[in-house]
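Note sheet for the following structure.
A note on names: the letters A, B, ... follow the listed sequences, proteins ahead of strands, and every chain is numbered from 1.
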Amino acid sequence: MSTETPASQLHFIGQIVRDDLASGKHRVIHTRFPPEPNGYLHIGHAKSICLNFGLAAEFAGTCNLRFDDTNPSKEDVEFVEAIKRDVTWLGFQWAELRHASDYFEVFYRSALKLIRDGVAYVDDLSAEEMREYRGTLTEPGRNSPYRDRSVEENLDLFQRMRAGEFADGSKTLRAKIDMSSGNINLRDPAIYRIRKVHHQNTGDAWPIYPMYDYAHCLSDALEGITHSLCTLEFEDHRPLYDWCVDHVDLINHPDLWQPLVDAGLPTAPSKPRQIEFSRGNINYTVMSKRKLLTLVSENLVDGWDDPRMPTVAGVRRRGFTAAGIRLFWERIGVSKQNSIIDMGVLEGCVREDLDAVAPRRLAVIDPLKLVITNLDAAHHEELTFPNHPKDESFGTRVVPFSPELWIERDDFAEVPPKGFHRLKPEGEVRLRGVGIVRCDEVIKDAEDNVTELRGTLDLDSRTGMPGSERKVKGTIHWVSARHAVPAEVRLYDRLFDVIDPDDDSDGKTYKDHLNPNSRRVVQGYVEPVAASAQPEDRMQFERLGYFVADIADHTADRPIFNRVVTLRDSWAKQQ
RNA sequence: UGGGAAAUCGUCUAACGGUAGGACAACAGACUCUGACUCUGUUUAUCUAGGUUCGAAUCCUAGUUUCCCAGCCA
């Protein structure tokens with residue numbers, strides 16, 4: 001396993017884990033993914049998921065899924081269900097499913113302990129007053145006038161807070177640390193606030209709720225987390241994280257977590273180590289929960305699972321694969337440098353996965369008719385095509401062929417540019433799996449638009465015959481018009497038309513940069529086998545790209561495909 | 001003007017005082033019944049200035065730039 005892995009292949013967190021195991025500091029490691037259920041997971045969360053679950057798997061440890069549900073006014077069960085679904089879809093299994101709210105009683109007892117120990121006090125300052133007392137980035141704060149209340153008074157007040165005797169916002173419980181610290185998180189941070197709000201998990205049992213800095217670290221400790229991984233902005237919070245863990249000291253105070261034992265929740269408190277890594281930002285998109293929520297609530301997109309959204313549900317509906325996303329984050333690595341990753345890297349990873357796993361199909365999304373004149377109009381064949389060019393295990397399928405075909409409008413040029421390898425007047429091209437066809441006639445309408453092509457098939461060049469060896473420069477795809485199944489094809493492009501939608505320095509916001517062409521819907525034709533796909537089946541439409549049968553809207557009667565990503569196209573690039 | 005962190009090819013990321021390496025992208029070519037895939041080759045980087053050292057991306061000093069922090073959000 002793991003401890004044999006050469007150091008050079010491990011990122012800095014992997015190295016820490018390896019060293020902790022090697023030194024005997026830990027026998028097994030435990031990580032966790034701790035989302036707040038106040039929105040859908042996005043592709044950035046997937047980095048944390050891959051890291052936490054991946055590390056646990058690599059070093060034979062475990063990873064919990066824990067909902068950080070300490071702020072009931074923002075959270076919702078819809079989100080917890082979506083998060084569970086997304087984590088599972090990404091391919092991970094949690095050892096235990098927990099909620100911070102499972103620990104509310106422990107947090108409460110621990111707060112009582114901090115009060116008794118003289119390191120927490122009840123403050124009557126209003127939110128505005130507290131801000132004034134806090135000082136600024138460059139000036140120290142001042143002690144609250146309530147800071148020196150007696151232990152007895154604090155105990156009484158806090159118990160009455162818990163009993164619901166006081167109004168929302170009228171009091172807080174604060175850690176007594178240092179109002180002059182350069183680290184603002186240490187200037188007597190609030191650890192409990194009064195909020196008489198119904199909680200999605202605990203109902204109306206609690207009128208007070210713990211703050212993140214207090215609840216998160218203790219949750220980690222209660223679950224025996226050894227390595228608590230989070231993003232860079234929490235670096236400043238680490239001293240507070242350690243302060244809470246050390247002052248509550250769950251390890252030596254089992255009475256505090258007896259409620260969990262009574263409830264049958266396996267509990268073995270640890271001294272977790274917080275380690276920070278940088279977020280994975282991606283260009284041409286936004287990745288803040290607030291902005292994603294706005295896009296959804298203002299109907300700027302069609303929902304959390306809109307295929308243009310960077311949410312896990314969105315990229316899934318778009319057709320990205322879990323394996324592609326995992327490959328992406330593995331390829332990106334883990335470090336502490338702020339970075340912005342090119343969206344093309346993600347797309348490349350998805351292509352790489354799909355190339356291996358997607359069966360090939362024929363489809364035409366911008367149809368132009370081609371009639372083969374040297375075949376009887378009633379001619380009909382059933383051709384056998386391999387489903388994958390490099391993997392025989394995909395088997396074969398039957399593709400109907402007749403003299404009247406749909407081909408891609410792009411595959412014909414009346415005045416071909418230099419280097420054009422497709423159909424042109426008097427030119428020859430190979431029809432995929434059929435043979436070499438020659439364009440004899442171009443039929444146009446009154447506006448000079450090409451409406452139909454007529455040509456002859458070289459019968460000696462039919463696929464499988466010796467004459468098929470004859471070289472022609474291009475091969476194009478087609479669908480038999482008589483057998484073609486009409487399909488709606490949704491072509492997606494980036495949601496934003498600027499590289500950094502978060503940049504509002506010019507006075508414009510991300511909402512001003514929505515790409516009006518981010519979705520184009522066209523009617524095309526697909527071969528019969530493609531139409532019979534199940535929702536979420538992915539396939540390659542040859543020469544066009546990877547497509548997925550829409551998870552919600554696709555039916556065999558009304559096929560609907562989303563374009564996942566195009567194929568690389570060195571011809572288009574050359575143009 | 002406080003505290004915390006980070007600066008390496010276009011992008012992401014290695015190096016842990018001893019040859020600046022990899023991946024992706026780009027470019028050139030080969031192959032091709034997908035202008036895909038695959039294969040081959042090429043280009044490109046240590047924030048700056050000093051210092052220590054036989055030797056510095058790495059250690060020291062000074063500076064520069066970028067990011068984070070003043071919620072009873074997480």
Side-chain angles (χ1 to χ4, degrees), chain A residues 7-11 15 34-36 38 68 70-71 73-75 123 125-127 130-132 134-141 168-174 180-187 189-195 208-209 211-213 215-216 230-239 276 278 280 283 289-290 328 330-342 344-345 348-349 351-352 355-356 360 362 389-390 419-422 429-436 461 463 468-469 471-477 540-545 566-574:
Chain A
S8 60
Q9 297 193 350
L10 288 173
H11 50 68
Q15 292 180 26
E36 183 190 13
N38 66 343
D68 228 329
T70 55
N71 186 357
S73 40
K74 288 177 155 188
E75 296 152 7
D123 198 343
L125 252 30
S126 69
M130 200 180 285
R131 192 183 325 121
E132 287 163 23
R134 188 156 35 231
T136 69
L137 291 178
T138 53
E139 302 157 22
D168 281 19
S170 60
K171 285 179 168 37
T172 55
L173 182 71
R174 292 229 255 169
S180 65
S181 173
N183 182 345
I184 289 175
N185 295 298
L186 265 21
R187 317 241 262 230
I191 58 178
Y192 263 98
R193 76 287 218 181
I194 303 172
R195 194 131 307 173
I208 56 173
Y209 291 97
M211 299 290 292
Y212 164 84
D213 283 305
H216 187 85
C230 64
T231 43
L232 253 26
E233 70 272 23
F234 292 103
E235 221 152 11
D236 284 347
H237 295 240
R238 190 174 354 120
E276 310 84 15
S278 56
N283 63 17
K289 276 191 177 179
R290 199 196 93 239
F328 171 68
E330 186 185 329
R331 191 165 278 178
I332 290 307
V334 178
S335 76
K336 297 188 70 160
Q337 298 179 40
N338 288 114
S339 59
I340 300 168
I341 304 146
D342 196 304
V345 179
C349 290
R351 264 192 208 105
E352 190 169 321
D355 177 52
R360 311 292 128 121
L362 296 179
K390 288 181 295 191
F420 189 78
H421 292 169
R422 307 172 186 178
V429 77
R430 188 183 304 277
L431 283 177
R432 179 73 153 151
V434 176
I436 297 169
S461 72
T463 295
S468 69
E469 308 285 306
K471 296 292 178 196
V472 279
K473 287 198 203 91
T475 298
I476 66 173
H477 60 276
Q540 183 195 100
F541 288 166
E542 291 203 32
R543 302 208 313 130
L544 294 175
T566 60
L567 255 25
R568 281 185 58 191
D569 189 347
S570 58
W571 166 247
K573 201 158 29 180
Q574 184 185 326

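Taking every heavy atom of both residues into account, A:Ser468 and A:Arg430 meet most closely at O-NH2, 3.1 Å. Scanning both residues, A:Glu75 and A:Asp68, for their nearest heavy atoms gives OE2-O, 3.5 Å. Residue A:Tyr209 comes nearest to A:Thr70 through the heavy atom pair CB-O, 3.5 Å, listed as atom of the first residue, atom of the second, then distance. Between A:Arg174 and A:Leu125, the shortest heavy-atom contact is NH2-CD2, 3.9 Å. A:Asn183 and A:Pro239 make their closest contact through ND2-CG, 3.8 Å (heavy atoms, listed as atom of the first residue, atom of the second, distance).
Taking a pair as Watson-Crick or G-U wobble with both distances under 3.5 Å, the runs of three or more consecutive pairs in RNA chain B are B:2-7 with B:64-69, B:10-13 with B:21-24, B:26-30 with B:38-42, B:47-51 with B:59-63.
Within 4.0 Å (heavy atoms only), A:Arg568 reaches sugar-phosphate atoms of the nucleic acid but no base atom. Using a 4.0 Å heavy-atom cutoff across all strands shown, A:Ile340 reaches sugar-phosphate atoms only and no base atom. Heavy atoms of A:His237 sit under 4.0 angstrom from at least one base atom. Within the nucleic acid shown, A:Arg195 comes within 4.0 Å of at least one base atom, counting heavy atoms only. At the heavy-atom level, A:Ser570 lies under 4.0 Å from the strands shown only through sugar-phosphate atoms. Counting non-hydrogen atoms under 4.0 angstrom, A:Val334 reaches the backbone sugars and phosphates but no base. A:Gly280 comes within 4.0 angstrom of nothing in the nucleic acid, heavy atoms only. Within 4.0 Å (heavy atoms only), A:Phe234 reaches at least one base atom of the nucleic acid. Within the nucleic acid shown, A:Phe420 comes within 4.0 Å of at least one base atom, counting heavy atoms only. Note on A:Pro389: a base of the nucleic acid sits closer than 4.0 angstrom, heavy atoms only. Looking at heavy-atom distances under 4.0 Å, A:Arg422 makes contact with a base.
No hydrogens or angles were tested; on distance alone, nothing pairs the side chain of A:Gln337 with the base of B:U13 as donor and acceptor under 3.5 Å. Judged by atom type and distance alone, A:Glu36 does not reach the base of B:C73 through any side-chain donor-acceptor pair under 3.5 Å.
You'll find that the side chain of A:Asp569 is closest to B:G35, out of B:G35, B:A14, B:U34. Relative to the side chain of A:Lys74, the nucleotides B:C73, B:C68, B:A15 differ in distance, and B:C73 lies closest. If you check B:A70, B:G35, B:C12 against the side chain of A:Trp571, the one that comes closest is B:G35. The side chain of A:Asn338 sits closest to B:C67 out of B:A74, B:C67, B:A70.
Taking atom NZ of residue A:Lys336 and atom C1' of nucleotide B:U13, one finds them 16 Å apart after rounding to whole Å. Look at CD on A:Gln15: it is 14 Å from P on B:U13, rounded to the nearest Å. The distance from atom CG of A:Leu186 to atom C1' of B:G71 is 17 Å, rounded to the nearest whole Å. Rounded to whole Å, the distance from CZ on A:Phe328 to P on B:U13 is 11 Å. The nearest whole Å value for the distance from the CD atom in A:Gln540 to the P atom in B:U38 is 12 Å. Rounded to an integer number of Å, the gap from CG of A:Leu125 to P of B:A70 is 18 Å.
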Any protein N or O atoms within reach of nucleotides 2-4 of chain B? Criterion: under 3.5 Å, listing atom names and distances.
from, atom 1, to, atom 2, distance (Å)
B:G2, N9, A:Leu137, O, 3.0
B:G2, N2, A:Gly182, O, 3.3
B:G2, N3, A:Leu137, O, 2.8
B:G3, O4', A:Gly182, O, 3.4
B:G3, N2, A:Asp236, OD1, 3.3
B:G3, N2, A:Asp236, OD2, 2.6
B:G4, O2', A:Asp236, OD1, 3.4

All N/O contacts under 3.5 Å from nucleotides 21-24 of chain B to the protein, with atom names and distances to one decimal?
none

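The separation of B:G21 from B:U66, taken at their P atoms, amounts to 30 Å, rounded to a whole angstrom. Of the P atoms belonging to B:C47 and B:A14, the separation is 15 Å, rounded to the nearest Å. Look at the C1' atom in both B:U43 and B:U48: the space between them is 26 Å, to the nearest Å. The same atom, P, is picked in B:A57 and in B:C9; the two are 15 Å apart, to the nearest Å. Nucleotides B:A26 and B:A49 are separated by 34 Å at their C1' atoms, to the nearest Å. With C1' as the reference atom, B:G35 and B:C67 are 43 Å apart, rounded to whole Å. For B:U46 and B:G4, the C1' atoms lie 24 Å apart once the distance is rounded to whole Å. The separation of B:C24 from B:C60, taken at their P atoms, amounts to 35 Å, rounded to a whole angstrom.
Ring geometry for A:Trp571 versus A:His421: interplanar angle under 30°, hence parallel rather than tilted (30 to 60°).
Within the model, atoms CG of A:Asp168 and OG of A:Ser73 stand 9.5 Å from one another, a figure rounded to the nearest 0.5 Å. To the nearest 0.5 Å, atoms CD (A:Gln9) and CD (A:Gln15) are separated by 11.5 Å. With rounding to the nearest 0.5 Å, the separation of CG in A:Asn38 from CG in A:Asn71 is 8.0 Å. A distance of 11.5 Å separates CE of A:Met211 from CG of A:Leu173, quoted to the nearest 0.5 Å.
For the residue pair A:Arg432 / A:His477, no side-chain donor-acceptor distance below 3.5 Å is found, with atom types taken as modelled. A donor-acceptor contact under 3.5 angstrom links the side chains of A:Glu233 and A:Thr231, judged on distance only.
For A:His421 and B:G35, the ring-to-base geometry satisfies the stacking test (centroid distance below 5.5 Å, interplanar angle below 30°). Residue-nucleotide stacking is not present for A:Tyr212 and B:A74, judged by a side-chain ring centre under 5.5 Å from the six-membered base ring centre and planes under 30° apart.
Regarding contacts with the backbone of B:A74, every side-chain N or O of A:Arg290 stays at 4.0 angstrom or more from both OP1 and OP2. Taking only side-chain nitrogens and oxygens, A:Arg134 never comes nearer than 4.0 Å to OP1 or OP2 of B:C69. OP1 or OP2 of B:A74 sits under 4.0 Å from a side-chain N or O of A:Thr70. One finds no side-chain N or O of A:Lys473 lying less than 4.0 angstrom from the OP1 or OP2 phosphate oxygen of B:U32.
A:Leu232 has its side chain within reach of A:Asn338: a pair of non-hydrogen atoms, C-beta onward, lies under 4.5 Å apart.
Classified by its glycosidic torsion, B:G4 falls in the anti category, the angle being over 90° from 0.
Salt bridge annotation for A:Arg238-A:Glu276: present, with a cationic side-chain nitrogen under 4.0 angstrom from a carboxylate oxygen. By the 4.0 Å N-to-carboxylate-O rule, A:Asp355 lies too far from A:Arg568 to be salt-bridged with it. Checked for salt-bridge contact, A:Glu352 and A:Arg331 meet the test: a charged N lies under 4.0 Å from a carboxylate O.
Comparing A:Arg360 and A:Leu232, the nucleotide of RNA chain B nearest to each residue sits closer to the 5' end for A:Leu232.
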